[in-house]
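As the structure is a computational prediction, the values presented were derived from the model and not from experiment. Chain A is the first sequence line, chain B the second, and so forth, proteins listed ahead of strands; every chain is numbered from 1.
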Protein chains: 4
Amino acid sequence: MNAKTTTAAKKTPVKKAKAPRAEAAEEDGTRATILNVAIQEFSRHGLSGARIDTIAAETGANKGMIYYYFGGKEGLYVAALEESYRRFRRVESEFHLDDLPPVPALRTIVASTFDYHAQHPEFIRMVMTENINNGEYVRKIAELQQINRPAIALLDRLCKRGIAEGVFRSDLDPVDLHMSISALSFYNVSNQHTFSFIFGRDLTAPAVHSARRDSVVDMILRFVRAP
Amino acid sequence: MNAKTTTAAKKTPVKKAKAPRAEAAEEDGTRATILNVAIQEFSRHGLSGARIDTIAAETGANKGMIYYYFGGKEGLYVAALEESYRRFRRVESEFHLDDLPPVPALRTIVASTFDYHAQHPEFIRMVMTENINNGEYVRKIAELQQINRPAIALLDRLCKRGIAEGVFRSDLDPVDLHMSISALSFYNVSNQHTFSFIFGRDLTAPAVHSARRDSVVDMILRFVRAP
Amino acid sequence: MNAKTTTAAKKTPVKKAKAPRAEAAEEDGTRATILNVAIQEFSRHGLSGARIDTIAAETGANKGMIYYYFGGKEGLYVAALEESYRRFRRVESEFHLDDLPPVPALRTIVASTFDYHAQHPEFIRMVMTENINNGEYVRKIAELQQINRPAIALLDRLCKRGIAEGVFRSDLDPVDLHMSISALSFYNVSNQHTFSFIFGRDLTAPAVHSARRDSVVDMILRFVRAP
Amino acid sequence: MNAKTTTAAKKTPVKKAKAPRAEAAEEDGTRATILNVAIQEFSRHGLSGARIDTIAAETGANKGMIYYYFGGKEGLYVAALEESYRRFRRVESEFHLDDLPPVPALRTIVASTFDYHAQHPEFIRMVMTENINNGEYVRKIAELQQINRPAIALLDRLCKRGIAEGVFRSDLDPVDLHMSISALSFYNVSNQHTFSFIFGRDLTAPAVHSARRDSVVDMILRFVRAP
DNA sequence: CATGAATGAGGCTTCATTCAT
DNA sequence: CATGAATGAAGCCTCATTCAT
C-alpha cells in the first residue's frame, strides 16, 4: 500500500523497500541519494509539480532506479514525506530540558522550534504540499503518529511540571499548546513569500526573524503563565 | 507582463479584463464563471495540479475562452489569486468596531478572523499554493498591497485606541499582531489534514473548532493586555 | 540554445545528437528515420506548415521520440536543414575535375549543378523555407560555412587555373560566379510552379530541362571566357 | 472558386469581391487596407505561418471583415498574391525603351529588373511562398498570364530589334532570356539570408548590390551579344 | 542493478471560422 | 458593415511509466 494505490496500479510489481536499508536515510547509496533529491524536488514543486526526470537527472542515476526502489512517483513522494517528518522530529528527542525550570524550558522550546522551522523550509513545504493533497498520502505512513509523539510528550511533561510548580495555568492542553507553537512557527515560513510581498517585511532578514521570534516566545509565555 | 509569460507571447492580443466587468466578480457571464471555477480548481490542486480542461468543462464554456479572457493558465491563476484575496479582505471593511471598547473589539476581530478562515478554505489553499510557487505570481498583482491595507489599518486604529485607554500594552506592532492572528487562524485550516491524522483531532468538528477559537482568542488577548 | 527556444526550457534535458550516430544520417534507427521523414515534411510544407504528428506517424515511431532526440519542432527543423545542406554539398567533393581543361571542367560543373538541383527539390525547398524564415535557424548551424566551403574552393581553383591558362577572364570572382550558377540552377526548381503556370512551359519536361541547361551552361561559359 | 476550395468549405457563403472595388487596390477603405496588410503578413510568414488575427489587428478592423470581403484565409491569400503580381508587373509597362538602341535598352531592363526585385522583397516572398504551395493557388488567378504578358512582349520586341540590327544573336528565346534575368534578380533577394550567412556577403549592402548588378548585367549582355 | 530507448495518455495552446447583436 | 464573443478541431509538447538489454 505504499506506492501505487491511486493511479495506474496495473502492472507495477512494486518491490517496496528493497535493499538493506537502515532506518536512517542520510546514508549514501543510490536509494538514499534519490530520497534526498526527491525531498528537495517535492518540497520545491509539490507532488504534481515535481518531475521524475528532474529527480533522476539530479540524482545522477537512471529513472528506472526510482521505480526499482520506490515503485513510482507516489511511492517516492510518500517516502520523502515520511523521511521529512522523521528528520524534523528527530531534533525534539535531543532536547534535554528536565534540568531547566519550566519557564526557561518552554522559552527554549518555543525559540528552538521557531528557529528550527526557519531552518527547514523543505519540511514546511512538504507539509504544505501534503495538505494541498488533503493528507491523502500521509495516511499511508503507519509510523507517523509514533514519530510525532515525542513532541507532545515533551510538552506534556513540561506542562505538568509547570502546573505542579504553580508557574503555569492549570488548564493547559499540551496538544493545544503544541498547535499554537507550531502555528506561529510554521506560518513564518509557510507564508513568507506572500507576507513579504504584501506587507513589505522580509521575514528571513535576521533582525525581523529574531524580533518575530521574541514576539512569539512572549506570546506563548504570557499564555501559559499562571494568573 | 501579466499573462503569457511562456510561449510565443508575440502576437497574442490577450485582451485582459475585457468586458464591462464591475470590480465584483461574482456576477454571471463567461468570464466570471471561469474565474469562479478556476478558484475552486486551483485551490484544490495547486497551479501545476489544476487542469485547464477541467476548468473549461466545469465552466460549460469552450476552452478557448480561457485564453481569450485570461491569456493562459498562468494568467487565469493570477486572476484567481487576486480575486481570492479581494473576496477575503472584503469582509474586514464590513467590521464596525469603533463603538466597541478595545478588548471586545479585538475579541470580535480574532474570533471572526478565525471563523472566516475556516469558512474559506479555498482562500487558504490559494495562498498555500502561491507560497509553494515562491510568491512568483502574487508579485504580479499590483493592487495587492492596497487590498490588504484595511486589515492592518483596522488593527492599527484599534491598537492606538487600546493603548490610549490604557488597556493594551504600549509596545504593540499592528503588523506583528496581525501576523499572530493570521498564523493562528491560518494554521487551523492549512494544516488540518496532517494535524488531524497525526494527533487524531478533527479540527473541523464544531466542538474542536470553537475550543480552539477560544484558545486563540485567549492567547491574543493575554498578549495585548496591559500589564 | 539549439532546441527549445520557446517554452519552459528549464528542465528539459534535450539530449541532442544522442546515440552513436555516424556523420552520415541515411543509416537506419529511429533518429535517422525521423530525420529523413522530417526533411520530406519540412521541405513540402515549410516550418509552420509541417506537422509533428505527420512526421511521427510516417516515422512509425512515437511522437515523444521527436522530443527525445531533437527537443522539439524547431530542433528537428534545424537538424533537417543541416542534414539537407550536408547531403547537397557532399556531391561537390566527388567531382574530380583537375584532369579536365578549364572550359570542359566548368561546363561539367554547371551542367551537373543544374541537374543536381533538379534532382533535389527537397533541398531547394528547405532553403526557400529557411529564407522565408529570414535565415533565423540556419544561423544556429555552426558548421554550415564549413559545409559549403568546398563549393567555393572548387570554383576558386578552377578560376585560377583558367586564368593562368588564359582561357578565363582575369577578373573573375569565385563567389560571384558560384552565385550566378546557383541562381540559374535554383530558380528552375524554386520557381517552377509559378513559372510553369504563367508561361506555360513545364520546366520538369526533359526537353525543356535540357534546353534550359544548355542555355545556362552557355551563359556561364560566355561570361567567363577571356575576351 | 476563389476562396474556400480546399478546407472546410461547408458553410461559408463566400461573398466574393463585394463592395464596389476598382481594379486598383491601393485605394483606401477597409478592403484595401486588409489587402495591404495581408500582403505584408503573407509575404513575411507564408500561407500557413500568416495569422488572420494579426492581419485583423494590424488592419484595425474586425476579423469578420476579412471573411466578409475575402471569404477566408485562402481567399485573402489568393487576392494578396494576385495584387502582388499586379503591382510588380505594373512597372514594366512604364518602360519606354523603343527610342534606345538594343544594347542600352537591355542594359536598362536588366539593371532595372534587378533593382526592382531588391526593392520589392514582399513580392519575391509571395512567389516563394506560392511555390512552396506548389502553385496551388496561383492557378486560381485567371488573369495572371495576362498580367505577365507585357514582360515577355517587351523582351520579344527588343530581341527582334536587336537581331534585326545584328547586335544580338539570332537564336534568342525571349522567354528563356526573361527567365535568366529573373533568376539572377530573384535569387539575390530570395536567398539573401542563407547566402549572407554562409558566404558572409551581405547582399543588401549598397556596394555589394551594385557590384552584383553589374555582374548580372554583364552576364546577360555577353549572353545576347552577336558573335 | 543499471541504462537508453520507447510509449501513450493527456496537458496546454493556437487558430480559422462562425454567430448574435 | 462592424463587433465582441464563442467554437471546435487540431497543433505542439510533457511526463509517468515500461521495456529490452
Chemist: Rounded to whole Å, how long is the line connecting atom CG of A:D53 with atom P of E:dT3?
Modeler: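 That distance rounds to 14 Å.
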
Chemist: Of all the nucleotides listed (F:dC13, E:dT13, F:dT7), which has the minimum atom distance to the side chain of B:M65?
Modeler: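 For B:M65, the side-chain atoms sit closest to F:dT7.
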
Chemist: For residues A:S48 and B:G49, report the shortest heavy-atom separation together with the two atoms involved.
Modeler: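 Answer, listing the atom of A:S48 first, then B:G49: OG-N, 3.2 Å.
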
Chemist: From the list F:dC1, E:dG11, F:dA6, which nucleotide is the closest neighbour of the side chain of D:Y68?
Modeler: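 Ranking F:dC1, E:dG11, F:dA6 by closest atom to the D:Y68 side chain puts F:dC1 first.
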
Chemist: Below the 4.0 Å mark, does E:dA16 have OP1 or OP2 next to a side-chain nitrogen or oxygen of D:R51?
Modeler: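 Yes, such a contact exists.
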
Chemist: To check you understand the geometry: which heavy-atom pair defines the closest contact between B:I34 and B:L76, and what is its length?
Modeler: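 The answer is CG2-CD1, 3.8 Å.
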
Chemist: Reading DNA chain F from 5' onward, which residue's closest nucleotide shows up sooner: C:I52 or B:A61?
Modeler: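 Looking at the nearest nucleotide for each, B:A61 comes out on the 5' side.
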
Chemist: Could you tell me how far apart B:K63 (NZ) and F:dG11 (C1') are, to the nearest whole angstrom?
Modeler: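 That distance rounds to 11 Å.
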
Chemist: Of the nucleotides F:dA2, F:dA6, E:dC15, which one has an atom closest to the side chain of D:T30?
Modeler: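 So the side chain of D:T30 is nearest to F:dA2.
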
Chemist: Need to verify one output field. Residue with the more 5' nearest nucleotide on DNA chain E, C:G60 or B:L47?
Modeler: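 The residue mapped nearer the 5' terminus is C:G60.
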
Chemist: C:Y77 and C:N133: which non-hydrogen atoms are nearest, and at how many Å?
Modeler: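 So the minimum-distance heavy-atom pair works out to OH-ND2, 3.1 Å.
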
Chemist: Please report, rounded to the nearest Å, how far the P atom of E:dA2 is from the CG atom of A:N62.
Modeler: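 Rounded to the whole Å, the gap is 9 Å.
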
Chemist: Could you tell me which non-hydrogen atom of D:M126 sits nearest to which non-hydrogen atom of D:I39, and how far apart they are?
Modeler: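 Residues D:M126 and D:I39, closest heavy atoms: SD-O, 4.1 Å.
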
Chemist: Ignoring backbone atoms, test whether C:Y69 places a side-chain nitrogen or oxygen under 4.0 Å from the OP1 or OP2 oxygen of E:dG4.
Modeler: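 So the side chain of C:Y69 is outside the cut-off, no N or O lying under 4.0 Å from OP1 or OP2 of E:dG4.
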
Chemist: Taking OH from D:Y67 and C1' from F:dT7, how many angstroms apart are they, rounded to a whole number?
Modeler: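 To the nearest whole Å, that distance equals 13 Å.
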
Chemist: Ignoring the backbone of D:K73, work out which of F:dC13, F:dA2, E:dA16 is nearest its side chain.
Modeler: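 Taking heavy atoms from C-beta onward, the closest nucleotide is E:dA16.
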
Chemist: Say you draw a straight line from CD of A:E83 to CD1 of A:I141; how long is it, rounded to the nearest 0.5 Å?
Modeler: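 Rounded to the nearest 0.5 Å, the CD-CD1 separation comes out at 10.5 Å.
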
Chemist: Whole angstrom is fine here: how far is it from CD1 in D:I55 over to P in E:dT17?
Modeler: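 Roughly 11 Å, once rounded to whole Å.
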
Chemist: Can you tell me the distance, in whole Å, between the OH atom of D:Y77 and the C1' atom of E:dA16?
Modeler: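 For the pair D:Y77 OH and E:dA16 C1', the rounded distance is 17 Å.
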
Chemist: Looking for any heavy atom pair under 4.0 Å, which part of the strands does B:A50 touch: base, sugar-phosphate only, or nothing?
Modeler: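 The answer is sugar-phosphate, as B:A50 gets under 4.0 Å only of primed atoms, P, OP1 or OP2.
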
Chemist: What dot-bracket string describes DNA chain F from 5' to 3', counting Watson-Crick and G-U wobble pairs whose defining distances are under 3.5 Å, with [ ] for crossing pairs and | for pairs to another strand?
Modeler: .||||||||||||||||||||

Chemist: On a heavy-atom basis, which atom in B:A61 and which in B:T30 lie closest, and how many Å separate them?
Modeler: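 Looking at all heavy atoms of both residues, the closest pair is CB-CG2, 4.0 Å.
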
Chemist: Distance check needed: E:dA16 P versus D:F70 CZ, whole Å only.
Modeler: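 Taking atom P of E:dA16 as the reference, CZ of D:F70 is at 16 Å.
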
Chemist: Could you state the interatomic distance from CD1 (A:I66) to CD1 (A:I55), rounded to the nearest 0.5 Å?
Modeler: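 Here the interatomic distance stands at 5.5 Å.
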
Chemist: On DNA chain E, nearest-nucleotide positions of B:G64 versus B:T54: which is more 5'?
Modeler: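 Looking at the nearest nucleotide for each, B:T54 comes out on the 5' side.
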
Chemist: Which pair of heavy atoms, one from D:N134 and one from C:R125, lies closest together, and at what distance?
Modeler: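 Minimum heavy-atom contact is OD1-NH1, 3.1 Å.
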
Chemist: To the nearest Å, give me how far apart CD (A:E74) and P (F:dC15) are.
Modeler: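 Rounded to whole Å, this separation is 16 Å.
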
